[in-house]
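The first residue in the sequence is number 1, and the count goes up from there.
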Amino acid sequence: MRLTPAQIDTIKSTTQAVLGEGAQVSLFGSRTDDSRRGGDIDLYIKAPDIQAPYQMDAKIKLLIKLKQRMGEQRIDIVFAPAAGQETLAIHRSAEQTAVRL
């Protein structure tokens, strides 16, 4: 995994501060592969307290806070589908490859 312990702590604490203590965050994508270089930070979020209509607002708030705390980073956030939402290919891929932080 190509994140420092400080980055992991920042991501976890910021996610829980913004989305609530029940939020779980995992890393997926190229940053899970130690043999690769570069790439953005792809986060897969399970936040049972955030209903589907509010996921975009929550995503924006979380991105702002993460960038304030980590500096300018390329960060992508994907929320796990909420109840009643369609499961997309990105969700299935993240579920299969994600590493919980």
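- Side-chain contact between I41 and M70 is present, with at least one heavy-atom pair separated by less than 4.5 Å.
- Nearest heavy atoms, R92 versus T87: NH1-O, 3.1 Å.
- The shortest distance between side-chain heavy atoms of L43 and L66 falls below 4.5 Å.
- With hydrophobic clusters built from ILVMFWY side chains whose heavy atoms lie under 4.5 angstrom apart, L19 shares a cluster with Y54.
- In this structure, CD in Q85 is found 4.5 Å from CD in Q55, a value given to the nearest 0.5 Å.
- For the 3.5 Å distance criterion, the side chains of R69 and T10 fail to qualify, holding no donor opposite an acceptor.
- Expressed to the nearest 0.5 Å, how far CD1 of I77 lies from CG of L62 amounts to 4.0 Å.
- Side-chain atoms of S26 and E95, non-hydrogen and from C-beta on, never get closer than 4.5 Å to each other.
- Linking Ile, Leu, Val, Met, Phe, Trp and Tyr residues whenever their side-chain heavy atoms come within less than 4.5 Å leaves V78 and I60 in two separate clusters.
- Note on L63: it clusters hydrophobically with I8, by side-chain heavy-atom contacts below 4.5 Å among ILVMFWY residues.
- Looking at residues two or more places apart in sequence or on another chain, you find a side-chain contact (heavy atoms from CB on, under 4.5 Å) between Q24 and K46, R100.
- Ring geometry for Y44 against F28 counts as perpendicular: the plane angle is over 60°, on a 0 to 90° scale with 30° as the lower cut.
- The shortest side-chain heavy-atom distance between L27 and L3 falls under the 4.5 Å cut-off.
- Proximity of a side-chain donor or acceptor of S13 to a complementary backbone N or O of D9 within less than 3.5 Å is detected.
- Between the side chain of T14 and the backbone N or O of I11 there is no donor-acceptor pair closer than 3.5 Å.
- For the side-chain hydrogen bond (donor to acceptor under 3.5 Å, both in side chains) test, residues two or more places apart in sequence or in another chain that qualify with K67 are E72.
- A heavy-atom distance below 4.5 Å is not found between the side chains of D42 and R31.
- Considering all non-hydrogen atoms of both residues, K61 and V18 come closest at CB-CG1, 4.0 Å.
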